Amino acid sequence: MNTIPPVTGEKTDAPLLDEARADFITHHVAMNVASCSAARVPSVVRAHGCRVSADRRRVTLFVSVPRATALLADLRAGGAIAAVFTLPRTHETIQLKGAGANIAPLEHGDPAHIRAYVASLVEELCRVGYKESLVRAVMSSADEESVGLTFEPTAAFVQTPGPNAGSRLERKP
């Protein structure tokens, strides 16, 4: 059951992410980020945290530099970005897309932000039956050199399995 239903209405200059969606994508969710090369070869990597700007217009995903080599090359070459955020216990999923991303070093508070995100995902996945040691092993990329990928979402979609999967989320007036 979707707790964040599709939104309809006229587009406004409001941010694509309302407060509920911004909160949803920042903790307890599994995050993957993707792009593709000019030859349309996909690149994908697990993100280990997300920060949303105060105005909710920009999203920053944190990725491991050594594990995101292809993704970073694709983004540097001007590739578009897509990210999915899935709550494991319900499979509720939102996908965000953007025209590209700015790659930048972590900001002052980002390492603490990453640690808090990893703790929230460990809690969530243990709640559904995974062993903590497995989740920490999967999220070990959070201990590697990381960068932030900042983009402005230009489209958002419900990807939760069910009748609304693939439906576009619109800006709330």
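Note that the structure is a prediction, hence the values are computed from the model and not measured.
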| message | What verdict does the side chain to side chain donor-acceptor pair (under 3.5 Å) test give for Ser140 and Arg67, after you've listed the backbone C-alpha separation in whole Å, the side-chain angles of each residue and the deciding distance to 0.1 Å? | response | CA-CA 11 Å; Ser140 65; Arg67 297 184 194 214; 3.3 Å; yes

| request: Look up atom CG in Leu125 and atom CE in Met139, then write down how far apart they are to the nearest 0.5 Å. | output: 9.0 Å

| note | OG of Ser53 to CG of Leu17, rounded to nearest 0.5 Å, is 8.5 Å

| query | Any idea which heavy atoms bring Ser146 and Ser141 closest together, and the distance? | reply | OG-O, 4.3 Å

| message | If you define the side chain from C-beta out and look only at heavy atoms, does anything of Leu121 sit under 4.5 Å from Val118? | response | no

| request: Check whether any side-chain heavy atom of Leu71 sits under 4.5 Å from a side-chain heavy atom of Val44, and report yes or no. | output: no

| Cationic N near anionic O, under 4.0 Å, Arg56 to Asp18 | no

| said: Starting from Val63, can I reach Val41 by hopping between I/L/V/M/F/W/Y residues whose side chains sit under 4.5 Å apart? | reply: no

| field | Listed once per pair and sorted, the ring pair (Phe, Tyr, Trp, His ring centres under 6.0 Å) pairs that draw on residues 109-128, sequence neighbours left out | value | Phe62-His113

| message | Working note: Ser64 + His48, criterion side chain to side chain donor-acceptor pair (under 3.5 Å); need CA distance, chi angles, decisive distance, verdict. | response | CA-CA 8 Å; Ser64 159; His48 46 257; 6.0 Å; no

| task | Could you go through the side-chain contact (heavy atoms from CB on, under 4.5 Å) check for Phe85 and Leu61 one step at a time? | result | CA-CA 11 Å; Phe85 306 84; Leu61 294 160; 3.8 Å; yes

| Looking at side-chain heavy atoms only, is the closest gap between Val59 and Arg51 below 4.5 Å? | no

| query | Does a side-chain heavy-atom distance below 4.5 Å link Val84 with Phe157? | reply | no

Please report, to 0.1 Å, the donor-acceptor pairs under 3.5 Å made by any side chain of residues 94-107, with sequence neighbours excluded.
from: Gln95; atom 1: OE1; to: Gln159; atom 2: NE2; distance (Å): 3.1

| task | State, with a plain yes or no, whether a side-chain heavy atom of Arg46 is found less than 4.5 Å away from one of Met31. | result | no

| Would you say Thr86's side chain and Pro88's backbone share a donor-acceptor pair under 3.5 angstrom? | no

| Would you call Thr160 and Asn164 a side-chain contact if the rule is heavy atoms closer than 4.5 Å? | no

| Glu19 CD: over 12 foreign heavy atoms closer than 6.0 Å | no

| said: Nearest 0.5 Å, please: how far is OG1 in Thr26 from NE2 in His28? | reply: 9.0 Å

| Mind checking whether Pro153 and Leu16 have side chains closer than 4.5 Å, heavy atoms only? | yes

| message | Treating Thr60 as the side-chain partner and Arg58 as the backbone partner, does any N or O pair qualify as donor plus acceptor under 3.5 Å? | response | no

| query | If you round to the nearest 0.5 Å, how far is OG1 of Thr93 from CD1 of Ile25? | reply | 13.0 Å

| task | Calculate, to the nearest 0.5 Å, the distance between atoms OG and CG belonging to Ser35 and Leu75 respectively. | result | 4.5 Å

| message | What I'd like to find out is whether the side chain of Leu72 reaches to under 4.5 Å of the side chain of Val147, using heavy atoms alone. | response | yes

| field | Ser43 vs Asp74, side chain to side chain donor-acceptor pair (under 3.5 Å): CA-CA, chis, key distance, verdict | value | CA-CA 8 Å; Ser43 56; Asp74 292 342; 2.6 Å; yes

